[in-house]
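Worksheet: one structure, shown below.
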Amino acid sequence: MTTTPHDDTATANLARTFADYAPSIEGRDIVAIRPRYGLMIDGEERDARDGAVFSTIEPANGEHIAEVAEGAAADVDDAVAAARRAYETVWRDMPGRTRAKYLFRMARLLQDRSREFAVLETIDGGKPIRESRDVDVPLAAAHLFYHAGWADKLEYAVPGMTGRPIGVVGQITPWNFPLLMVAWKIAPALACGNTVVLKPAETTPLTALLLAELAAEAGLPPGVLNVVTGAGATGAALAAHPGVDKVAFTGSTEVGKAIRRATAERGTRLTLELGGKGAHVVFDDAALDQAVEGIVDGIFFNQGHVCCAGSRLLVQEGIADELLDRLRRRIELLRVGDPLDKNTDVGAINSHAQLERIRGFVDEARDDGAQVHQSTRALPGKGFYFPPTIVTGLGGSEAICREEVFGPVLAVQTFRTEAEAVARANATRYGLSAGVWTEKGSRILWMSQRLRAGVVWANSFNRFDPASPFGGLRESGFGREGGRQGLQEYLTLSPVTA
Ligand code: ADP
């Protein structure tokens, strides 16, 4: 995907694209958080069979928010059985236009309740309210709308083929875009006539549960969307369940590999959207102010908890000093702090464990002789925070250049020629995203043909659209989400024969 230059941060662009309404956030009292949440199975909220619960924590202050039921294998069995019943008795054979009605209703209800969802997302996950409000929630609604539009047009989705639903789909989502990733997953699955068992991430379960509540409000038949909360063991039970016909997973490459092994045992269909180590490649003819904004957005948006983040900067030698100077000045302007404050640019790190992981990478780079530059703004005394960080003096073989840090940390290297830029950008086991910054159109085309990444942005970064397929190459996974390609992942296709 290539896009044109933009005149503001990508976040603002997304806001213009998707938020035709911009509610003002009044604060945490907008959402009524209950002390305890259950599993959502067959249209009913209930405890785990063994009564187990876990605590979800507010990253902004490290405090307990609520108890959430921890599903075990027996609960996954119940959810899969409910999804199977709903599939066979209601959803599979329902006309597409009727299925669409439910999805349209859910999309509209999500818009109506957008403030509540945005505040809850920010409390549970730590991302700035400006992002939850202007990106996550409107884009989640856009995915529901887009896929609702396909539900009665599936015969045109893949020319020459007819598509049938696959059956019961197990979906496992991560904590970085808790609501949005759920929307990416359930919208195409349901539009295509599948039923779902969803396992949201353990640090951010609340908006998925609120969405299940909203689905019930939209009249979605019981069992079509089931939510089993819990941690890795719950996800593993779902991925290995013999009653699941397809698994869709977004998360770390290591867990993705385990799921791949589990599903390979039974030939279950699978899509994986895994880690990334995306490179911004900035040439000496680039519009530097725009490039700085794109780089800042690419790595500090959502605290860098973004699988397609531009976590590596490859800058052409002649402009390296100038660009780094501008970047250092720019990160001083980023406000790090209370995620519920509308002026916050960088919120809280999602969990204490993640904070420690990020610290580990930066400390290791420093110990190995790299230069670490961090914003000097004070961080809040409580909660999980990490300053915007730029690391230079790197050769490319260091962990910080190779591994997914998943934090607000930019690893910088330089290059001289286009060929060197391609070689460095592709020197990764991942292949999810890349960005090219140059005023030369021919160079954009040349580069985007050679960069090994599922998405290549040109003079922009982190731009998403439900109609545009997103996904990775190599250890970033396989399968696409969004667009017609994303629909195919939820259909069994057979050739049309006269
Ligand atoms: P991260 O490392 O970014 O936390 P994970 O890949 O661990 O990402 O988590 C993504 C999702 O996968 C979460 O919902 C998590 O509970 C789930 N998960 C973790 N381990 C497993 C596993 N072995 N099998 C299935 N799902 C898992």
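All ligand and atom numbering here is 1-based and tracks the order in the structure. Positions are given from 1, in the same order as the sequence printed here. Given the structure is predicted, the values throughout are model-derived calculations rather than measurements.
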Starting from [atom], locate the nearest protein heavy atom and write down its residue, its atom name and how far away it is, to 0.1 Å.
atom	value
atom 14 (O) of ligand 1	Thr173 O, 2.8 Å
atom 20 (N) of ligand 1	Gly232 CA, 3.4 Å
atom 12 (O) of ligand 1	Phe249 CE1, 3.2 Å
atom 1 (P) of ligand 1	Trp175 NE1, 3.6 Å

### Task
Would you kindly specify which portion of Ser252 sits under 4.0 Å from ligand 1, judged on non-hydrogen atoms: side chain, backbone, both or neither?
both
### Query
Between Ala258 and ligand 1, which residue portion shows a heavy-atom distance shorter than 4.0 Å: side chain, backbone, both, or neither?
neither
### Query
Is there a donor-acceptor pair closer than 3.5 Å between any side-chain N or O of Asp75 and the backbone N or O of Ala48?
no
Lys/Arg N to Asp/Glu carboxylate O, [X] vs [Y], below 4.0 Å:
X	Y	result
Glu403	Arg429	yes
Glu67	Arg36	yes
Arg113	Glu116	yes
Arg269	Asp245	no
Glu481	Lys185	yes

Which of the ligand 1 atoms, numbered from 1, are nearer than 4.0 Å to a heavy atom of [X]:
X	answer
Glu202	13 (C), 15 (C), 16 (O)
Lys199	13 (C), 14 (O), 15 (C), 16 (O)
Gly235	24 (N), 25 (C), 26 (N)
Ala201	13 (C), 14 (O)

### Message
Would Ala231 count as a contact residue for ligand 1, given that I'm defining contact as a non-hydrogen atom of the residue lying under 4.0 Å from a ligand atom?
### Response
yes
### Sub-4.5 Å side-chain heavy-atom contact between Leu109 and Glu217
yes
### Query
Who's closest to atom 10 (C) of ligand 1 heavy-atom-wise, of Val255, Thr250, Leu274, Thr253?
Thr250
### Task
Going by heavy-atom distance to atom 17 (C) of ligand 1, choose the closest among Asn176, Ile172, Leu198.
Ile172
### Query
Any side chain to side chain donor-acceptor pair (under 3.5 Å) pairs touching residues 165-181, not counting sequence neighbours?
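Every side chain to side chain donor-acceptor pair (under 3.5 Å) pair that includes a residue of residues 165-181, provided the two are not neighbours, is Gln171-Tyr490.
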### Task
For Glu45 and Arg34, run salt bridge (Lys or Arg N to Asp or Glu O under 4.0 Å): C-alpha distance rounded to whole Å, both residues' side-chain angles, the deciding distance at 0.1 Å, then the answer.
CA-CA 13 Å; Glu45 181 173 356; Arg34 290 187 270 134; 3.1 Å; yes
